[in-house]
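Accompanying notes for the structure given below.
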Amino acid sequence: MTEIRIEGSEQSFTCAPSDSLLAGGLRAGLGMPYECTAGACGTCKFELLEGDVEVLWDDAPGLSARDRAKNRKLACQCRPLTDCRIKIRFDEACMPQVNPLKQTATLIATNEITHDIREFRFATDTAATFRPGQFATLQLPGVRGTRAYSMSNLPNGKGEWHFQVRRVKGGNASNTLFDQLHVGDQITLDGPFGMAFLREDSARDVVCIAGGSGLAPMVSIARAMASTGQLASRRLHFFYGARTQRDVCGEALLESLPGFGERIRFYPSVSSTQEQDAPRWSGRVGFIHEYVEEIMGADLHGHDYYMAGPPPMIQAVLDTLQTRHMVDKSQIYFDRFF
Ligand SMILES: Cc1cc2nc3c(=O)[nH]c(=O)nc-3n(C[C@H](O)[C@H](O)[C@H](O)COP(=O)(O)OP(=O)(O)OC[C@H]3O[C@@H](n4cnc5c(N)ncnc54)[C@H](O)[C@@H]3O)c2cc1C
């Protein structure tokens, strides 16, 4: 174990040699700043003042040339080789709800959701403890680095973690999951992570916005609202943005929930229609942020927003909610799927 001291503070934490600085700090219950855990967002930047680290991904896009020139590094992509002293600004909002735990997980089942999204169910020996909307990172055989995947199920004592993964063309982790992992195989699962979890203490109605592979955490939030009786006092508007008709999904997962059609409304939209779509798509065509604006109308301010999906979709919704309509940022929670 190495000791990581925080410049300008009395705080320090011990970090296992196999852990990133980010994971080590979160395991210690500290408010390490982060968003994606995948080297892309740049939120977990720090300065190394003393000590030595191994950089796991040299070309991580979360660092600019300027950052590199200033010797800044990403806490999610550095493992300590010695005791270190670092400069980093804690963020209380990132303090873990549940300290992440790294453990072995066994693939127990798979299930097709669409032509390119498959559910993967894993089981761990200990309870699956997380908040609905959070994600875990998976270390897969033969894949460099870890990948983040959001849970679609609810926390449970059986130790089950369900993920809904989209196959990405040429993608290392997604294709390994689809083509090389079989029921009974073991991987390493770390988590939970993430701040876009359901706030049960709010009285506002909820809008969930999922784009593409962003389905899983929104389904988990819908399931949590149904299972905790929240739907009695809060309604749920569930938007799903797909590329084409055959990419639309979500309704089958939601319609088994009590209140579907009344307390839960499902609004799918496709961004393009194609000749071969059969039967012809008679639903909405257009970007999901425009659909949200159209349906929520004058009531945009009265809701809590949860969203997950590609960064451009998240940005378009943020522009609509915050820039155009001044919805307070305390009502908006999101994960960008880098
Ligand atoms: C918070 C969060 C939650 C997500 N949830 C889901 C989900 O529920 N379902 C889903 O389908 N997808 C989800 N994703 C996307 C997922 O993590 C993967 O990016 C996606 O599956 C493509 O991975 P790939 O390995 O197949 O593709 P690749 O193109 O091989 O890799 C894609 C990403 O992996 C990271 N990466 C690449 N190389 C390295 C490396 N050497 N070391 C470390 N990281 C590297 C980068 O961030 C890159 O953008 C989520 C992403 C984030 C950030």
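Whatever order the structure lists ligands and atoms in, that order sets their numbers, starting from 1.
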Worksheet item: Below 3.5 angstrom, do we get any N/O pair linking Ala40 and ligand 1?
Response: no

Discussion item. If we count only N and O atoms by modelled type, under 3.5 Å, do the side chains of Glu160 and His162 hold a donor and an acceptor together?
Written reply: yes

Fill in: Minimum-distance protein heavy atom relative to atom 9 (N) of ligand 1
Gln164 O, 2.9 Å

Item to complete: Starting from atom 47 (O) of ligand 1, find the nearest protein heavy-atom neighbour and note its residue, name and distance.
Response: Ala38 O, 3.1 Å

Discussion item. Assess whether a salt bridge exists between Lys73 and Glu47, defined as any Lys/Arg side-chain N lying under 4.0 Å from an Asp/Glu carboxylate O.
Written reply: no

Worksheet entry | Any N/O pair Pro217/ligand 1 closer than 3.5 Å | no

Discussion item. Using a 3.5 Å cut-off on N or O atoms only, is Asp335 in polar contact with ligand 1?
Written reply: no

Fill in: Atoms of ligand 1 close to Cys36 [distance to a heavy atom under 4.0 angstrom, numbered from 1]
53 (C)

Discussion item. Show me which atoms of ligand 1 lie under 4.0 Å from any heavy atom of Val165.
Written reply: 11 (O)

Worksheet item: Taking 4.0 angstrom as the limit, do Asp304 and Arg234 come out as a salt bridge?
Response: yes

Discussion item. Regarding Arg223 and Asn153, do their side chains bring together a donor and an acceptor under 3.5 Å, going by distance alone?
Written reply: no

Worksheet item: Does a salt bridge link Arg85 with Glu50, judged by any charged N lying under 4.0 Å from a carboxylate O?
Response: yes

Item to complete: Taking only heavy atoms of Arg336 into account, list the atoms of ligand 1 that are under 4.0 Å away from them.
Response: 52 (C), 53 (C)

Practice prompt. Return the option from Phe338, Trp57, Phe334, Phe120 holding the heavy atom at the smallest distance from atom 44 (N) of ligand 1.
Written response: Trp57

Fill in: Side chain, backbone, both or neither: the part of Glu35 lying under 4.0 Å from ligand 1 by heavy atom
neither

Discussion item. Which option wins on minimum heavy-atom distance to atom 14 (N) of ligand 1: Gly145, Gly171, Ala308, Ala148?
Written reply: Ala148

Discussion item. I'd like to check Ile113 versus Arg118 (side-chain heavy atoms, cut-off strictly below 4.5 Å). Are they in contact?
Written reply: no

Worksheet, complete the sentence: Heavy-atom nearest pair, Ser174 first then Tyr149, reads N-OH, 3.9 Å

Worksheet item: Between the main-chain N or O of Asp190 and the side-chain N or O of Gln103, is there a donor-acceptor pair closer than 3.5 Å?
Response: no

Worksheet item: What is the ring orientation for His237 with Tyr267, classed by angle as parallel under 30°, tilted 30 to 60°, or perpendicular over 60°?
Response: parallel

Fill in: Test: Arg79 and Asp19 ion pair at under 4.0 Å
no

Worksheet entry | Sub-4.0 Å heavy-atom contact, Val168 with ligand 1 | yes

Fill in: Among Pro310, Ser213, Cys41, closest by any non-hydrogen atom to atom 10 (C) of ligand 1
Ser213

Discussion item. Counting non-hydrogen protein atoms only, what is the nearest one to atom 21 (O) of ligand 1? Give residue, atom name and distance.
Written reply: Tyr149 OH, 2.7 Å

Worksheet item: Within the structure, does Arg166 bring an N/O atom to less than 3.5 angstrom of an N/O atom in ligand 1?
Response: yes

Fill in: Proximal ligand 1 atoms for Arg144, defined as those under 4.0 Å from one of its heavy atoms
40 (C), 41 (N), 42 (N)

Practice prompt. Would you mind checking which non-hydrogen protein atom is closest to atom 34 (O) of ligand 1, with the distance to 0.1 Å?
Written response: Arg147 NE, 2.8 Å

Worksheet entry | Polar atom proximity, Ser150 to ligand 1 (N or O, under 3.5 Å) | yes

Worksheet item: Hey, are Gln139 and Thr146 close enough side-chain-wise for a donor-acceptor pair under 3.5 Å?
Response: no

Worksheet item: When you check the gap from the basic side-chain N to the acidic O, do Asp179 and Arg167 get nearer than 4.0 Å?
Response: yes

Fill in: Identity and separation of the nearest protein heavy atom to atom 26 (O) of ligand 1
Ser174 OG, 2.7 Å

Item to complete: Measure from the side-chain N and O atoms of Thr106 to the backbone N and O of Ile108, and report whether any donor-acceptor pair falls under 3.5 Å.
Response: no

Worksheet item: For ligand 1, is there an atom lying under 4.0 Å from some heavy atom of Arg167?
Response: no

Item to complete: Would you mind telling me if ligand 1 is within reach of the side chain of Phe337, the backbone, both or neither, using heavy atoms under 4.0 Å?
Response: both

